[in-house]
Amino acid sequence: MHWVLPVLLAVIGVTALLVVTPVSGYRPWPYLKPNSSNLMFGGSKKFEGSSEFIHMRYHMGPVLTANITIHPIWYGRWQKSQKKIIREFINSISAVDSKHPSVAGWWKTVQLYTDQTGANISRSVLLGEEKNDRFYSHGKSLTRLSIQSVIKSAVTSRTKPLPINPKSGLYLLLTSDDVYVEDFCGQVCGFHYFTFPSIVGYTLPYAWVGNSAKLCPGVCAYPFAVPQYMPGLKPLKSPNSDVGVDGMISVIGHEVAELATNPLVNAWYAGQDPVAPVEIADLCEGIYGTGGGGSYTGQLLNDKDGATYNMNGIRRRYLVQWVWNHIVSYCTGPNALDQFFWPLWVLVGWVLMHD
């Protein structure tokens with residue numbers, strides 16, 4: 001048995017060379033400005049490695065275990081090409097045959113979360129009926145409450161209203177690049193919550209994500225745009241040739257993952273405050289690959305045209321942040337380099353135990 005361990009270690013070394021070669025270098029995380037108070041929290045919240053200090057807990061609320069249907073609401077003026085990028089991302093979540101590393105592989109971490117009966121988050125995420133609001137029915141400056149009014153208009157419209165589905169429907173409000181939303185760019189690039197019956201008539205899980213292309217691409221579309229306070233840093237090439245929409249994709253993934261695991265803000269989150277819960281994507285903000293943490297995104301991939309991505313969709317490529325894996329207590333994603341080593345390390349452990 002003594003010959004097995006050296007052979008395995010040699011294989012691991014060769015594998016490391018093979019998988020590291022096509023991967024690009026680390027990229028800084030721009031939201032942490034130099035000398036900012038946020039730097040104090042960079043090590044505790046934004047990191048890849050495991051930590052005994054993070055306690056993701058289940059608070060007995062519902063999660064989305066039935067087939068999930070996402071209903072986009074296109075607010076403002078959207079190009080057909082932009083809609084196609086976002087639609088394919090949503091459809092890619094359940095596209096298990098996509099090339100590795102895939103969006104569907106990313107969703108497998110979300111599926112690990114369960115409800116109080118032990119049922120897992122659904123593997124099935126479908127693109128549902130859509131609604132266009134191209135004439136800005138509630139203006140070009142929205143508050144958090146007026147967002148709910150937009151959703152109300154979509155589900156109560158006289159012509160082709162969106163279906164009411166409180167148990168497994170998600171309502172995704174997407175605002176065009178000429179629409180400002182309360183706290184956009186300064187504090188948030190997107191958020192999720194649930195509608196109030198007093199406004200909408202129903203309790204519906206929803207998320208809002210804005211196109212930052214004109215307002216703040218350096219904040220919400222990084223690393224495809226660079227903030228002004230980071231002179232000399234060059235933006236990366238976006239995989240679908242649309243900086244604003246490619247930046248939205250990761251935010252959409254962030255919010256959908258949290259809606260699935262915490263739709264009514266009483267299910268999976270860390271911390272003691274349900275008013276401001278730390279959810280499964282919050283813990284991994286800015287981490288897109290192995291080595292990510294603090295002010296680094298982690299190791300990324302480049303296609304033949306030099307565009308940066310970390311996972312494959314059905315036909316397109318995307319850059320999507322990782323999410324927290326509560327089983328192993330660290331951020332995980334389908335492009336993690338250590339996934340190549342895991343079976344080998346398990347075998348090494350077995351050899352040592354039985355030698």
Side-chain angles (χ1 to χ4, degrees), residues 44-45 47 50-71 90 93-94 96 103-128 148 151 155 162-172 190-208 251-285 287 320-334 336:
S44 62
K45 182 178 179 182
F47 62 96
S50 61
S51 173
E52 70 275 16
F53 300 111
I54 302 297
H55 299 289
M56 180 64 64
R57 292 190 175 94
Y58 178 51
H59 299 266
M60 305 307 289
V63 300
L64 301 185
T65 57
N67 291 348
I68 300 168
T69 302
I70 297 178
H71 298 286
I90 294 172
I93 294 175
S94 296
V96 294
V103 177
W106 167 81
W107 188 254
K108 286 183 179 179
T109 300
V110 181
Q111 287 179 251
L112 294 173
Y113 291 85
T114 61
D115 66 9
Q116 54 189 302
T117 70
N120 293 84
I121 300 292
S122 175
R123 187 183 78 174
S124 176
V125 180
L126 307 173
L127 178 64
Q148 297 204 19
I151 296 173
V155 299
L162 293 181
I164 303 297
N165 186 357
K167 292 185 178 180
S168 60
L170 300 182
Y171 299 82
L172 181 61
F191 59 76
H192 76 90
Y193 207 60
F194 53 86
T195 61
F196 303 145
S198 59
I199 297 177
V200 180
Y202 306 90
T203 300
L204 305 173
Y206 76 91
W208 158 76
V251 185
I252 291 172
H254 178 122
E255 301 304 337
V256 170
E258 293 183 345
L259 274 172
T261 54
N262 197 28
L264 301 182
V265 201
N266 61 357
W268 285 96
Y269 62 87
Q272 302 300 319
D273 185 5
V275 177
V278 179
E279 299 168 282
I280 72 167
D282 295 329
L283 289 167
C284 306
E285 275 186 16
I287 297 177
V320 185
Q321 71 151 88
W322 287 6
V323 291
W324 185 259
N325 183 327
H326 68 297
I327 304 298
V328 294
S329 292
Y330 60 80
C331 300
T332 57

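Positions are given from 1 along the sequence. Note that the structure is predicted; figures quoted are calculated from it, not measured.
Checked against side-chain hydrogen bond (donor to acceptor under 3.5 Å, both in side chains), Thr109 has the following partners two or more places apart in sequence or in another chain: Thr332. With sequence neighbours excluded, the residues that form a side-chain hydrogen bond (donor to acceptor under 3.5 Å, both in side chains) with His254 are Glu258, Asp282, Gln321. Under the rule for a side-chain hydrogen bond (donor to acceptor under 3.5 Å, both in side chains), the partners of Ser168 that lie at least two apart in sequence or sit in another chain are Asn165. Contacts of Trp268 classified as ring pair (Phe, Tyr, Trp, His ring centres under 6.0 Å), with partners at least two apart in sequence or in another chain: Tyr58, Tyr113, His326. Checked against side-chain hydrogen bond (donor to acceptor under 3.5 Å, both in side chains), Asn325 has no partners two or more places apart in sequence or in another chain. Asn120 is linked by a side chain to side chain contact (heavy atoms under 4.5 Å, CB included) to Thr114, counting only residues two or more places apart in sequence or in another chain.
Annotation for Asn262 and Ala267: closest pair OD1-N, 2.7 Å, computed over non-hydrogen atoms. Residue Cys284 comes nearest to Trp322 through the heavy atom pair CB-O, 3.2 Å, listed as atom of the first residue, atom of the second, then distance. For the pair Ile121 and Ala260, the tightest heavy-atom approach, listed with the atom from each and the gap, is CD1-O, 3.1 Å.
Of the inter-residue distances, the one linking Arg123 atom CZ with Ile93 atom CD1 reads 13.5 Å to the nearest 0.5 angstrom. Note that NE2 of His71 and CG of Leu127 are 9.0 Å apart. Values are rounded to the nearest 0.5 Å.
The shortest side-chain heavy-atom distance between Pro277 and Val265 falls under the 4.5 Å cut-off. Using a 4.5 Å cut-off on side-chain heavy atoms (C-beta onward), Gln272 and Arg57 make contact. Within the 4.5 Å cutoff, side-chain heavy atoms of Ser122 are placed close to those of Ile68. Annotation: side chain of Val256 is in contact with side chain of Ile70 (closest heavy-atom distance under 4.5 Å). Within the 4.5 Å cutoff, the side chain of Leu170 has no heavy atoms near those of the Thr69 side chain.
Just one of Ile287, Thr261, Ile280 meets the side chain to side chain contact (heavy atoms under 4.5 Å, CB included) condition when paired with Val323; it is Ile280.
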Solution key, residues 190-200 side-chain donor-acceptor pairs under 3.5 Å, sequence neighbours excluded:
residue	atom	partner	partner atom	Å
His192	NE2	Glu279	OE1	3.1
His192	NE2	Glu279	OE2	2.8
Thr195	OG1	Tyr202	O	2.6
Thr195	OG1	Leu204	N	2.9

